2 protein chains.
Amino acid sequence: MPDDRSKVTIYDVARRAGVAISTVSRVLNESPDVSTETRKRVTIAIEALNFRPDRRARQLAQQGSPTLAIAIPTLTTPFHTSLLKGIRVHLREKDLDLLLCDLGSRERHVALVQFLQRGAVSGLMLVGLKVTEDIAAELKSMGAAVSIIGYQHGDFDSYWWDDVEGARRAVTHLAGLGHQRIGMIRSSSDSRTQIRRIDGYRAALQAAGIPFRPELIASGHTEKHAGYSEESGYEAMKKLLVLDEPVTAVFCTSDAQAMGAWMALREQGIRVPEDIALVGYDDVKTSRFVGLSSMDQAMQQVGEQAVTRLLDRMSGNLNEPAGSFCHTPELRVRSSSTFRRA
Amino acid sequence: MPDDRSKVTIYDVARRAGVAISTVSRVLNESPDVSTETRKRVTIAIEALNFRPDRRARQLAQQGSPTLAIAIPTLTTPFHTSLLKGIRVHLREKDLDLLLCDLGSRERHVALVQFLQRGAVSGLMLVGLKVTEDIAAELKSMGAAVSIIGYQHGDFDSYWWDDVEGARRAVTHLAGLGHQRIGMIRSSSDSRTQIRRIDGYRAALQAAGIPFRPELIASGHTEKHAGYSEESGYEAMKKLLVLDEPVTAVFCTSDAQAMGAWMALREQGIRVPEDIALVGYDDVKTSRFVGLSSMDQAMQQVGEQAVTRLLDRMSGNLNEPAGSFCHTPELRVRSSSTFRRA
DNA sequence: GTCGTTTCTGGAACCGCTTTCCGTGACAAT
DNA sequence: ATTGTCACGGAAAGCGGTTCCAGAAACGAC
């Protein structure tokens with residue numbers, strides 16, 4: 001009743017209920033061997049004192065914490081938004097804490113490893129991070145359940161996308177509209193993802209009988225801008241616009257890039273899709289509302305799938321070997337790519 | 001050297017360095033009374049064993065954890081993106097963990113309180129949450145540093161915006177373009193923010209000599225959509241379009257709403273800004289790239305300011321009474337509201 | 001009525017680290 | 001030779017729980 005607070009511990013509860021602390025602990029952990037009678041007394045005491053077990057102490061004692069951590073290189077992009085959305089639903093039910101490790105783009109490795117080594121994490125989700133061998137070793141030695149999103153690694157549950165096929169679909173779509181000069185806006189990194197999307201781009205061109213021209217691939221490399229950002233898309237588009245033979249369609253490796261590109265076009269009075277068609281990647285929510293065609297990676301579902309399986313592993317219910325789940329991006333056609341060329 | 005792992009404790013380090021555990025602890029906590037010589041030996045041992053102090057044990061012992069928690073009702077909107085951006089920079093330097101408490105929209109109160117009572121948080125940022133008196137009491141009793149963003153409460157450091165003025169500026173801008181029938185798209189909630197923005201809307205109309213018509217205020221109330229979402233903006237715009245006398249400009253209380261509204265307009269072949277002008281709120285990053293006028297709330301700066309002060313409080317360097325920091329949103333004019341009426 | 005079980009509970013060690021309280025030896029200052 | 005730092009060791013008491021072990025009570029069976 002008295003909301004005095006200032007550290008209500010398990011001892012207070014024990015005293016109040018007239019039992020030993022071990023008994024209180026049993027009640028807390030729903031141990032079967034405690035009489036209904038005592039359990040009730042304890043429960044009432046807990047209620048009355050408004051007691052909540054201390055997360056840290058608990059974790060310390062039972063070696064292994066019910067904490068799920070998510071490590072993301074760039075948390076602050078809308079790209080991960082729906083992923084988190086898928087995750088948080090399942091998290092609410094369980095009594096888990098979400099620890100966020102926002103790795104900067106630089107020194108990701110170091111930050112991550114330090115984070116892990118400090119322990120206190122029983123489940124970890126890595127998002128959009130290249131898992132090098134030393135990181136992999138680190139992950140294994142920490143003995144936590146791990147799932148990797150956006151990268152494929154045989155030793156862990158990984159969820160990834162068929163980037164070749166995704167790019168192929170996007171570009172095939174553009175070629176199908178009659179475009180012959182299809183540009184590509186990419187990030188300047190040489191990540192697996194980027195390479196595969198370029199492969200897909202080439203494959204689609206080849207299938208359509210369009211020659212591949214490296215000069216049609218641009219990236220807006222800037223010191224201060226991340227490769228997938230609006231700014232870089234803006235820069236890249238400008239590069240494409242000064243070519244002798246201009247492009248009539250552009251495939252971008254992110255929606256943000258596409259937005260930036262779109263702005264560059266608008267500034268020059270170039271219409272989308274009449275003059276230039278645009279297709280993005282990620283299918284961010286706003287794309288639907290601005291009419292940007294995009295590749296849907298079903299982020300939310302992937303998030304749900306990953307977290308469900310991860311929670312199973314954490315609770316020890318799942319012991320099968322690491323799985324690899326590949327999703328194929330779906331094209332969402334919107335107004336930015338609806339105009340058919342002659 | 002051997003990466004054997006499996007719990008390297010402070011004892012291992014002590015043994016390896018040939019010192020007592022208390023000395024190791026002193027080194028860890030940068031106590032002044034330890035010779036440079038010994039310090040180096042210990043540091044080397046730590047390095048060699050790859051030892052990281054256990055976060056939980058540490059926190060438990062030194063009563064008070066270096067953990068910053070952020071509670072957000074709806075993490076998954078781009079609205080908070082730049083806020084987090086401002087926060088994380090400062091967080092990287094310190095050795096803090098970021099605990100995320102994503103309150104669902106429902107039962108916010110319960111979720112938050114439970115979260116807090118489990119302790120282990122020395123700093124807390126509440127974002128976009130109405131601080132009721134019981135929550136306030138809760139916050140005080142937990143003895144952590146608290147800062148509130150997007151709401152004003154005298155007992156805590158709070159960072160908020162002058163919503164009346166923000167709305168007034170937006171609408172004044174529209175009136176200045178010659179618009180007479182200016183609609184408003186709001187969320188269906190009766191939050192402080194909403195009420196104030198309506199006040200600002202009225203004030204601006206009055207100043208411009210335009211009569212206030214309640215039927216020009218619409219909200220896209222839907223069971224499944226949050227009030228600030230694209231979907232609700234879309235719905236609301238549709239309502240405004242079926243009015244006898246249509247509006248020529250719309251002020252939206254979020255950029256997402258504006259995006260949704262814009263889509264509704266596009267579907268009907270209504271041009272922006274020629275037929276209808278649009279102004280949003282929040283100045284989300286993509287707004288800049290799609291050309292949506294908006295009210296800039298300087299989220300990133302607010303995030304930085306708040307976290308800086310919060311960290312000061314957490315470290316005990318700051319003891320002055322709670323401050324209240326009010327920011328005034330700035331209008332960013334873009335193409336969605338550049339057309340001047342006759 | 002005694003013995004073996006089962007059931008419930010109390011006591012105590014322990015998780016990994018911090019911190020306090022001496023105590024000691026070394027070395028410089030007086 | 002005495003007094004004072006300075007740097008460190010050793011031991012022990014937490015922090016708030018969990019968990020193992022043993023003992024007490026309750027129960028049924030012979």
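Chain A is the first sequence line, chain B the second, and so forth, proteins listed ahead of strands; every chain is numbered from 1. Everything numeric here is computed off the predicted structure, so don't read it as measured data.
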A.B. asks: Do B:Val34 and B:Val27 pass the side-chain contact (heavy atoms from CB on, under 4.5 Å) test, and can you show the C-alpha distance, the side-chain angles, and the key distance before you say yes or no?
C.D. replies: CA-CA 7 Å; B:Val34 49; B:Val27 172; 4.3 Å; yes
A.B. asks: Nearest-Å distance, CG (A:Asp33) to P (D:dA25)?
C.D. replies: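 So the CG-P distance, A:Asp33 to D:dA25, works out to 18 Å.
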A.B. asks: Kindly write out the residues that satisfy ring pair (Phe, Tyr, Trp, His ring centres under 6.0 Å) with B:Tyr11, not counting sequence neighbours, or none if the list is empty.
C.D. replies: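 Testing B:Tyr11 for ring pair (Phe, Tyr, Trp, His ring centres under 6.0 Å), a comparison that skips the adjacent residues, returns none.
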A.B. asks: Could you tell me the separation between the CD1 atom of B:Ile46 and the C1' atom of C:dC17, rounded to a whole number of Å?
C.D. replies: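 Nearest whole value for this atom pair: 13 Å.
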A.B. asks: Describe, in one word, how the ring planes of B:Phe325 and B:Tyr159 are oriented to each other, choosing from parallel (under 30°), tilted (30 to 60°) and perpendicular (over 60°).
C.D. replies: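 Rings of B:Phe325 and B:Tyr159: parallel, under 30°.
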A.B. asks: For the residue pair A:Ser31 and A:Asn29, confirm or rule out a side-chain donor-acceptor distance under 3.5 Å.
C.D. replies: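 Judged by distance alone, the side chains do not pair up.
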A.B. asks: Just the rounded figure in Å: distance from P of C:dT18 to CG of A:Leu60.
C.D. replies: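 About 11 Å, once rounded to whole Å.
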A.B. asks: Could you tell me how far apart A:Arg39 (CZ) and C:dC8 (C1') are, to the nearest whole angstrom?
C.D. replies: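 After rounding, the gap between these two atoms is 11 Å.
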A.B. asks: How many Å lie between CZ on B:Arg15 and P on C:dG16, as a whole number?
C.D. replies: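 Taking CZ of B:Arg15 and P of C:dG16, I get 13 Å after rounding.
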A.B. asks: So that I can tick it off, tell me whether B:Asp312 and B:Arg309 are bridged by a salt bridge, with the cut-off set at under 4.0 angstrom between side-chain N and carboxylate O.
C.D. replies: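 No.
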A.B. asks: Using the test salt bridge (charged side-chain N to carboxylate O under 4.0 Å, His left out), find all partners of B:Glu30 that sit at least two apart in sequence or belong to another chain.
C.D. replies: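 B:Glu30 satisfies salt bridge (charged side-chain N to carboxylate O under 4.0 Å, His left out) with no residue once adjacent residues are dropped.
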A.B. asks: At under 4.0 Å between heavy atoms, how does the protein contact nucleotides 17-24 of chain D? Give one character per nucleotide, 5' to 3', with B, S or -.
C.D. replies: BBBB----
